[in-house]
Amino acid sequence: MLTVKNLSAGYGAILALHEINLEVNQGQIVSIIGANGAGKTTLLNTISGLVRPRQGSILFMGEELPRQPHLVVKRGIVQVPEGRRVFAGLTVRENLLMGGYLRNSQEIARNMEHIYTLFPVLKERAHQYAGTLSGGEQQMLAVGRGLMSNPKVMLFDEPSLGLAPLVVNTIFSIIKRICEEGVTVLLVEQNARKALALCDYAYVLENGRITMAGRGEELLADPRIRKAYLGEQAECKVKGSATAASELNPARG
Ligand code: ATP
């Protein structure tokens, strides 16, 4: 459904992504895990049209994606940004309306009802300023705002960041439900354990390069992943020698 081919992107002299190749199939949850600064946000921003690629292509349903963010949304790809980025001075309802700006009034009413079913707390707080919501509620609002445009694909950037474990569980079960309802998901996460447990397929991004890929459960069982991303101490054997996984992932030291 979404194919990234030989994609490189960066900022000025910095090349943040080096020849990335990945595939997101329809109906799947695909996860990108990686340390701080690995390039995860840059990857999502490049797909969304916020960062210009230096080379490579991004195909959506077989066609090259437009490079302007509003046209990417129009094609059916919506990003839920890191840090929620809700409009603090607008109410919950107004934030949702912002997400539905491409839709007609009937679709807006239907989508809003659906979002209020997914997140009853947003209905209770519909007329409250978004800036007064808790972090978890703001994350729900950011997800709801994304859903307002009837996306085919949702890009989630670190939805668990800064949230209490119980709230993280709620957000992850909502992502699962959204996928079951037909939205394909590309999920960027530092919480590797949760992301790998949830996803169908995952890529590991290190210093702007994809270094590993596999099914979620395969990566969860991989000793290098366990050491570098799940905080486990075991050493692993690579190419005949005992190698600490941190050596494979210099970003983690
Ligand atoms: P985090 O988990 O901390 O958000 P990340 O994996 O999302 O990290 P990016 O934010 O994509 O990583 O950053 C990748 C690299 O690009 C880093 O070296 C970062 O410092 C650099 N970078 C990101 N945004 C900019 C920018 N606007 N200008 C210059 N360099 C940037």
Side-chain angles (χ1 to χ4, degrees), residues 2 4-24 29-58 65 67-69 72 77-86 135-136 138-139 142-143 146 153-165 167-168 171-172 175 185-199 201-214 216 219 222 224-225 227-231 245-253:
L2 183 66
V4 172
K5 280 189 185 165
N6 289 325
L7 186 75
S8 298
Y11 312 90
I14 297 170
L15 197 57
L17 296 176
H18 304 259
E19 297 178 8
I20 300 292
N21 288 289
L22 64 85
E23 182 83 40
V24 182
I29 299 180
V30 172
S31 187
I32 312 279
I33 62 167
N36 278 328
K40 305 182 297 299
T41 298
T42 304
L43 176 59
L44 294 193
N45 285 347
T46 310
I47 295 171
S48 291
L50 296 165
V51 171
R52 279 199 169 271
R54 299 268 172 92
Q55 66 160 55
S57 61
I58 304 167
L65 254 193
R67 302 281 14 114
Q68 294 95 331
V72 173
I77 300 182
V78 159
Q79 185 167 348
V80 180
E82 182 175 341
R84 351 283 183 218
R85 305 276 184 91
V86 296
Q138 289 191 9
Q139 184 64 61
V143 175
V153 177
M154 283 184 95
L155 313 175
F156 289 92
D157 195 351
E158 306 262 9
S160 76
L161 199 69
L163 300 181
V167 184
V168 172
I171 297 292
F172 272 67
I175 293 172
V185 170
L186 181 58
L187 168 70
V188 151
E189 259 295 338
Q190 277 193 53
N191 188 334
R193 192 182 300 276
K194 284 232 169 273
L196 293 175
L198 180 71
C199 71
Y201 200 80
Y203 295 87
V204 181
L205 190 60
E206 292 177 343
N207 298 321
R209 292 184 164 83
I210 302 281
T211 53
M212 288 178 79
L219 293 187
D222 189 289
R224 288 168 292 177
I225 296 291
K227 165 84 175 162
Y229 295 99
L230 307 180
S246 55
E247 290 169 32
L248 299 168
N249 179 14
R252 304 282 292 189

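Keep in mind that the numbers below use all heavy atoms, side chains included, and drop hydrogens, waters and symmetry copies. Just so you know, these numbers come straight off a predicted model, no measurement behind them. For ligands, and for the atoms within them, numbers begin at 1 and follow the listed sequence.
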Pairwise, report which nitrogen or oxygen atoms of ligand 1 are under 3.5 angstrom from protein nitrogen or oxygen atoms, and how far apart they are.
residue  : atom   : partner : partner atom : Å
ligand 1 : 2 (O)  : Asn36   : OD1          : 3.3
ligand 1 : 2 (O)  : Lys40   : NZ           : 3.0
ligand 1 : 2 (O)  : Glu158  : OE2          : 3.4
ligand 1 : 2 (O)  : Gln190  : NE2          : 3.2
ligand 1 : 3 (O)  : Asn36   : OD1          : 3.0
ligand 1 : 4 (O)  : Glu82   : OE1          : 3.3
ligand 1 : 6 (O)  : Ala38   : N            : 3.0
ligand 1 : 6 (O)  : Gly39   : N            : 2.9
ligand 1 : 6 (O)  : Lys40   : N            : 2.9
ligand 1 : 6 (O)  : Lys40   : NZ           : 2.8
ligand 1 : 7 (O)  : Thr41   : N            : 2.8
ligand 1 : 7 (O)  : Thr41   : OG1          : 2.8
ligand 1 : 8 (O)  : Gly37   : N            : 2.7
ligand 1 : 11 (O) : Thr42   : N            : 2.9
ligand 1 : 11 (O) : Thr42   : OG1          : 2.5
ligand 1 : 12 (O) : Gly39   : N            : 3.1

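Judged by distance alone, with hydrogens and angles left aside, the side-chain atoms of Asn6 form no donor-acceptor pair with the main-chain N or O of Glu19 at under 3.5 Å. The main-chain N or O of Ile32 is never found under 3.5 Å from a side-chain atom of Lys40 such that the two would form a donor-acceptor pair.
Annotation: Arg85, atom CZ; neighbour count of heavy atoms from other residues, nucleotides and ligands within 6.0 Å does not exceed 12.
Checked options Val204, Leu196, Leu219; the residue passing with Tyr229 is Val204 (criterion: side chain to side chain contact (heavy atoms under 4.5 Å, CB included)).
When the side-chain hydrogen bond (donor to acceptor under 3.5 Å, both in side chains) test is applied to Glu23, the partners found at least two apart in sequence or on another chain are Thr3.
Taking 4.5 Å as the limit, some side-chain heavy atom of Met212 sits within range of a side-chain heavy atom of Arg224.
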